[in-house]
Structure formats: structure tokens, C-alpha cells
2 protein chains.
Amino acid sequence: MHDVAKEKTGDIIQSVDVAIDVLLHVAKHPDIRLSDISRNIEETKPRILRMLRTLEQRGLVRKSKMGTYRLGNTAIVLGTAASTQVDLVRIASPILEELGQKTNETAQLRIIDNGESLCIAKFEPMRDLRVQAMIGRRRPLFAGSYKVLLAFLQPQVQMQMIPATLPRFTNSTITNHAKLLQELENVRKNGVCVSYGEVSEQLVSVSVPVLAFDGSVIAAINVAAPAFRTQQSDVNRYTLLLKDAAAKISARLGW
Amino acid sequence: MHDVAKEKTGDIIQSVDVAIDVLLHVAKHPDIRLSDISRNIEETKPRILRMLRTLEQRGLVRKSKMGTYRLGNTAIVLGTAASTQVDLVRIASPILEELGQKTNETAQLRIIDNGESLCIAKFEPMRDLRVQAMIGRRRPLFAGSYKVLLAFLQPQVQMQMIPATLPRFTNSTITNHAKLLQELENVRKNGVCVSYGEVSEQLVSVSVPVLAFDGSVIAAINVAAPAFRTQQSDVNRYTLLLKDAAAKISARLGW
DNA sequence: TTCTGATGTTACGTCAAGCGTAACGTGTCA
DNA sequence: TGACACGTTACGCTTGACGTAACATCAGAA
């Protein structure tokens, strides 16, 4: 029923859709100007101008004296409300923080969104050197420990998410299809995925899935740390803590 | 033309405007259903349905199995991005936290928005009993310590923001126009406004303005505390800390 | 200086996008 | 078994939103 592909689903209001495009574009490129948006979205300038004026009037974006646009106050209000309304984030946040405190490393909550993994909550420890995480940042599903999200999908859906050619990020990146499928199989068995520098050199990342009762994957949580201070024993400890945290989140999501 | 009071500025896209209405409505009323939105916004159900579908497809709202709507993941991402893009919030946040730590009471950052004061950042101390603050919450401009925002406006603009009759919240609320103007004069002189239960009984609130170089008011910061543990000496201390914090914010906003 | 090619903006006539009406299917409470 | 909510679909009509074109303004190049 759900068209995952780009089949244009009717019944959506195009002008609203474009307005959302504009809004998300401003979110991604602060201090962007009208012409650039117009170019990137591939819509006429008058159209984009009307969109921006509408968004501005409601405080979703703000125009500087220099004519550049940023997100506005209403967007802050919206986001704050959203954090309390999205069950997954509300429930996982304190658990993620506890996890981060115990490991003293960066922890993230990630979901599948539009064929990528999307960070929707994070914890960063108070120490000088740490892995940086950012809400809204997208990463591929087929590389690094986030492939745990892939591993727990039905094989059919899984295939659709894996591109024909696997781009290489580092020496450790898996670029062979058969090897990737083998790895996914292992991940599914072990319930954990560890990446040693598959996406970024010198970074170890450990992810486990957050599962619903029916076994479907809802999200992934992970701990990421610099390789130089991460022994095998740490990875093992992180794994246990992650599995514990994931179980807690699953339970509380129960409803 | 049936524009009575608020001359609608042309050049805005109505369907986008209504969609924003819907979005903000969902933000304010989590788990609302189609019919209720339709009633409240006063638009037909098919229209709202089209709006919601468009918003849902982009992840701004999410529909539960029961047919109710909440904000979605995209809204979280948007809000997080906004927090880093709005200068005032980005700069004031750490200063607000420092202020809150020192006072061990709730601190807020508020701006004028649509004739009301709007909370766009906050700090709440870690103690059992504290004043609750909420980003997005609106309060009147003409009562409580937030009238500091009013006090630093040009008299002309000021008048437009003061309603003909001043509603009473508590026994201490100022409901007399002349008295209010007198109070605003005092506030402007002293650079601080203290409310002893003007809006909520048993609550003391101290606000100071955040000013631009030209003396125009950008925002207000305040500390709010239960009356029973707030001596005059505390109010004095808060005032000093607030003025210090406001000066810091002003300076860093300098550019 | 003058030219050139950006920028944001306004105006307006055209056309289809998006509207409301009406009818549908479904569920829940009397 | 009604009665009345709910969400949803279909479709023909109209008006809202579109793009074109022309405008004003600025910055750098010639």
C-alpha cells in the first residue's frame, strides 16, 4: 500500500508541499537568500517570495536586513512541542542520557527516514574530546553500525534500501553486496552491530535495535567513541548497556 | 471585503497559511482529530484532510492508528535547527543557565510576539518545588513583570498593546490605566520590574529588559520564584544578576 | 563614467490547482 | 435498528496562485 518509491501520491497540496520544501531548505542552509532557494528548489522567484512572506508572517522564518533568511521563533516553539509529543523521543531521552553518563561517550537515537538513518535525539558527555552528534543529521543505512536498522527489516524492504553500488567511505567500508548481506545476517543473530571505522576513520560505533513486540524495528540506539580509547572490553560493556537501554525503551513504548 | 480590524496583508498564500494554522493547532493540542481541527480552524474537513496528508507525508505531523494527530519527527529536526539559528536564543541560553544556577530558581527569555509575551528559552533548577516554565507559552504584556517589555516601547506602540479594560488575575493585578502607566514609568526609570503575585498568587517575578544599542527592547529575561522563600534581599540579588546577564546578552548580540 | 548581470520586487492576465458540495462507508451509542 | 458522529472519496466550478514580463537597485567590470 505504501509507496516507498517516488510514485507521486495524489491528494497533497502542492503549494503547501513546496512551502515545506522552502522551510526545510532554510533549516538546512541558514542565511540563504531568495535566489539560491529559487535555484535549488527549482521554482520561480515570485513563487518562493510568496512562500517566504507567508512563512515569515507566521514567524517560521525570519528575514535579516541583508535579505537572507533563517528559521524563526515559531520554529523553536514547534520543535519544543514536538519533542514532548513524539513518544519515541520523550521516552528514549532520559534513557539515552543515562546510557551516555554510564559510558561517558556520545549516544544517539536514530530512525529510518526516507531511506537514510536520521538522528532524532542525542547525548554528548562533558569531556574535551568526544564524538559530535547532531539532531537532524542523516547517515547512510548500509554503512557503519546504523546498518542494524537495515538488518531487522524484512528482506524485501531491505533490498530496496541497498543501492546498486556501495560507496566507499574508508578502508573498512563494506562495498561488496554479498559481504554486506552476510554481515546483516550476523547482526540479526547477535542483536548488535559494531563498526570499526566503516564511515569515519578512528571511530568505533556500537548500535542495537529498538524493537516492537512484533519484532519490527522502530529505531536504533548507539554509542560512538574515538577508537584510541576503546578496547574490546569497552565494546562489550557498551553492548550490554545498549541492550539494556533498548529493552527499557521497548518496554515503555509498550504503549 | 470583510476585514474588520486586522487589515490582512496581501501577498500571502492562503493555503499555506491555513496549513500553518493546522500545524500550530496540532502543536497546541496533541492527539487532536480531524473533525476538531476542522471545527476550530473553521475550514471544511476535506480541506483540513488534504493539509494533514501533506504535512504527514513530510513528517511534520504523524497520524496514530486511532486517527489522532501529533507533531512528527521533522518538527523536532526543524526546532533543533531553529534553536541554533535564532541568535537571541543561541546567545542567551548559556547566560540564562548561568543565571538560573546562581539564583537556583526558574529563568526565562521572553519576547514580544503578536501583542503577547512569548517564552522562547528557559532554565529550570533541579529542586523539588520550582516555578514551571514552558517554551511557547504566552502571557499578557500588561500584567506581571513582563510589562517590562511594554515599558521600553515607544509610547505610541505601547498604547496599542494595552487593552481598553485590564483583566484581573489576582488581587495585586493592576487594573487601572493611569496606575499602569505610572508603573511603566517607574520600570523605565529603574530598569527592572518586580511582580508580587500580579498574575499568579504566591509568585514573585523579576524581569529586566534586553536592549539593543539604540535603546530599543529586544527581549526580557526574568527570574520567578515562590513568594514564601523570596525575601527582599533575594529580589535585590536577582535584580543585580539579571541586569548583569542582560548586559552580557546585549553585548554579544552587538554583532 | 557606463555597461553588464546579478539581486529582490511589483503587476497582471491566464489557467488549473484546490476548493466545497454532496454522497459514501463505517463505527458507536441509544 | 435507527441516528448521528466519524473519516473519506469524487467531481465539477471558481478563484487563488501561478509565470511572464517589466521594474528598481546594486556591485563589479570595462
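Every chain is numbered from 1, with letters handed out A, B, ... down the list of sequences.
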Only distances under 3.5 Å count here; give the side-chain donor-acceptor pairs of residues 151-158 of chain A to other protein atoms, sequence neighbours excluded, each with its distance to 0.1 Å.
unit_1: A/Gln158; atom_1: NE2; unit_2: A/Leu150; atom_2: O; d: 2.9

Please tabulate, one pair per line, all N/O donor-acceptor pairs under 3.5 Å involving side-chain atoms of residues 22-30 of chain B, not counting sequence neighbours.
unit_1: B/His25; atom_1: NE2; unit_2: B/Asn40; atom_2: ND2; d: 3.0

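Atoms CD1 (B/Ile37) and P (D/dC6) sit 12 Å apart, rounded to a whole Å. Between B/Asp11 atom CG and C/dC12 atom P the separation is 13 Å, expressed in whole Å. B/Leu34 has its CG atom 13 Å from the C1' atom of D/dT9, to the nearest Å.
Against DNA chain C, the stretch residues 61-72 of chain A makes heavy-atom approaches under 4.0 Å through A/Lys63. Within residues 38-47 of chain A, the residues approached by DNA chain C to less than 4.0 Å at the level of any non-hydrogen atom are A/Arg39, A/Lys45, A/Pro46, in residue-number order.
Listed by chain and number, the residues in a side-chain contact (heavy atoms from CB on, under 4.5 Å) with B/Arg90 are A/Arg70, B/Asp87 (sequence neighbours excluded). Residues that satisfy the side-chain hydrogen bond (donor to acceptor under 3.5 Å, both in side chains) test with A/Asp17, not counting sequence neighbours, are B/Arg58. Among residues two or more places apart in sequence or in another chain, the side-chain hydrogen bond (donor to acceptor under 3.5 Å, both in side chains) test is passed with B/Thr80 by none. Looking at residues two or more places apart in sequence or on another chain, you find no side-chain contact (heavy atoms from CB on, under 4.5 Å) involving A/Pro94.
For B/Lys63 and B/Glu56, the salt-bridge test fails: no basic side-chain N is under 4.0 Å from an acidic carboxylate O.
Note on residues 35-62 of chain A: no pairs pass ring pair (Phe, Tyr, Trp, His ring centres under 6.0 Å), not counting sequence neighbours. Listed by first and then second residue, the ring pair (Phe, Tyr, Trp, His ring centres under 6.0 Å) pairs that reach into residues 39-80 of chain B come to none, sequence neighbours excluded. Note on residues 37-68 of chain B: no pairs pass ring pair (Phe, Tyr, Trp, His ring centres under 6.0 Å), not counting sequence neighbours.
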What N/O pairs connect the protein and nucleotides 11-15 of chain D at under 3.5 Å? Give each pair on its own line.
none

